[in-house]
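Report on the structure given below.
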Number of protein chains: 2
Amino acid sequence: MQLLDNYFKSAFSVDNVIFGFGSGKLQVLLIKRGEEPYNDFWALPGALVHPDEDLDDAPLRILRELASIDNVFLEQVHTFGRVDRHPQGRVITVAYYSLINKDEVSPKAASFANEVAWHNVFEIQSLAFDHLEILNSCVAQLQNSIKIKPIGFELLPESFSLSHLQTLYEAILNTALDKRNFRKKMLSMKLLVDDLLYQEGVPHRPAKLFRFDKDRYETLKKEGFNFQI
Amino acid sequence: MQLLDNYFKSAFSVDNVIFGFGSGKLQVLLIKRGEEPYNDFWALPGALVHPDEDLDDAPLRILRELASIDNVFLEQVHTFGRVDRHPQGRVITVAYYSLINKDEVSPKAASFANEVAWHNVFEIQSLAFDHLEILNSCVAQLQNSIKIKPIGFELLPESFSLSHLQTLYEAILNTALDKRNFRKKMLSMKLLVDDLLYQEGVPHRPAKLFRFDKDRYETLKKEGFNFQI
DNA sequence: CCAAAAGTGTTATTGATACACCCATGG
DNA sequence: CCATGGGTGTATCAATAACACTTTTGG
């Protein structure tokens, strides 16, 4: 609260909705608050923006502190600024979401949190402050973005099967997709390269593995190509 | 600058990209700055957010001061917060755009401006601060939004012809559209009601006039209808 | 040989695009 | 009667959606 006092009257913060994919579900990394208000509530990880820090760097700092990762996909979503959104003063907050591969991180509670844990997005009932509204707006934007930009791969290991990718899309869009149509469309865009590997040790026919060709996407994009699922 | 001093070190502002439609072109309302920095440059109308003012109300206040109108379509676009974006201190700014019918306003220079004028969007070469970047992001978002939401009507008089509407779409999207296909699609959505009026005093066949049925749109939207042009 | 998920094509329907002439009015 | 923009329909092509069986592996 000491730090807060310096900023108060008018502070700006960022909140970062960190998405991951696990157990076939879209998940989000939440912290358990260790102080009032909303003590013991789950909340989005957030931080005040430092005076000498670019706005877009603040959510990346959160990721570094919480999950020790850098170089993450990040998208700004919306800025929330109702006068009464924070009970202790005027805080305008900029919401971001980021996509990370859960396998590569083991989140540790940072200075500002008691506990950190992954939660299934579509099972969350309440959060501290207006964080549920913020989460929902980020989910909506993710659902839009994933249909028109090849960003889902950020949530998967480098090498993945088409079924794995499809379950990811289904988890995010919260709907079932047709297997044959999904594969047809995904492969027709020529953004996946055959990894020349197959799944191992599975009790069924092993799936062919692919990886996403980012360079090729950048090239195609310049030529006017539009990703579309 | 006196007001500014109170806020500085960390201030948040809004900038409002006010779009209008005139002479067949997409236009934007700019102010000419009357002080340093960027004295005599054209700039987006902006304002610091008052401590007791909801964020979304700040751009509406700008509209009230500059054009004496209320009840305007408004969309938040993006928040710009690079440390060096403002030469005099740390200012994070939230960009909004709004759509108004030029016929209903006669903008007057407000306290913070020397001069106000409409400019053709696609002819603007430079603006104060990073306002060109902000303008461009708002134009891009308007172009996206107008394809999927029936918002263009805000820029027109209540009663308009299909050709009028088409020139508006062409001006915003900066591209030519096929007349028959445009009309077919627009009418098929059943969002326009025949105004039972025709143009008058034109030296050619007078056009049938329509108006946008907002209630009907809200109803259809609830049933899962998606606007699409 | 059983269970489990991988992999694979065709058809029908829908939506998108391309395109040219006649009409009504004012001057 | 001329100039101007208003108004209209069809045919082709591309994209989407629906749908069921065979294959490969581990146990």
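Every chain is numbered from 1, with letters handed out A, B, ... down the list of sequences. Hydrogens, waters and symmetry mates are skipped; everything else that's a heavy atom, side chains included, is used.
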Expressed as a whole number of angstroms, how long is the span from B:M186:CE to D:dG7:C1'? 16 Å

Length of the OH-P vector between B:Y198 and C:dA24, whole Å: 10 Å

Measure from NE2 on A:H164 to P on C:dA5 and round the result to the nearest Å. 14 Å

Ionic contact status for A:R85 with A:E133, cut-off 4.0 Å: no

If you assign A:P203 and A:R180 each to the DNA chain C nucleotide with the nearest heavy atom, which residue ends up on the more 5' nucleotide? A:P203

Indicate yes or no for a side-chain donor-acceptor contact from B:R216 to the backbone of B:K190 under 3.5 Å, with no hydrogens or angles considered. yes

Could you state the CZ-C1' distance from A:R183 to C:dA6, rounded to the nearest angstrom? 6 Å

Can you tell me the distance, in whole Å, between the CG atom of B:L177 and the P atom of C:dA18? 11 Å

Taking atom types as modelled, find out whether A:Q199 and A:S161 have a side-chain donor-acceptor pair closer than 3.5 angstrom. no

Rounded interatomic separation in angstrom, taking CG from A:L209 and P from C:dG7: 9 Å

Compare the minimum distances between each of D:dT25, C:dG7, D:dT10 and the side chain of B:K184, then state the nucleotide with the smallest one. D:dT10

Measuring from the side chain of A:K179 (C-beta onward, heavy atoms only), which nucleotide among D:dT23, C:dT8, C:dA24 has the closest atom? C:dT8

Toward the 5' end of DNA chain D, by each residue's nearest nucleotide, B:S161 or B:N181: B:S161

When you match A:D178 and A:P206 each to their closest nucleotide on DNA chain C, which lands nearer the 5' end? A:P206

Any donor-acceptor N/O pair, A:N120 side chain to A:F122 backbone, under 3.5 Å: no

Answer yes or no: does a side-chain N or O of B:S163 lie under 4.0 Å from OP1 or OP2 of D:dG5? no

Distance check needed: C:dA6 P versus A:L165 CG, whole Å only. 12 Å

Spacing of A:Q228 atom CD relative to D:dA15 atom P, expressed in whole Å: 11 Å

Under a 3.5 Å distance rule, please check whether A:D213 uses its side chain to pair with a backbone N or O of A:V193 as donor and acceptor. no

Mind checking A:K185 for me? I need base, sugar-phosphate or nothing, with any heavy atom below 4.0 Å counting as a touch. sugar-phosphate

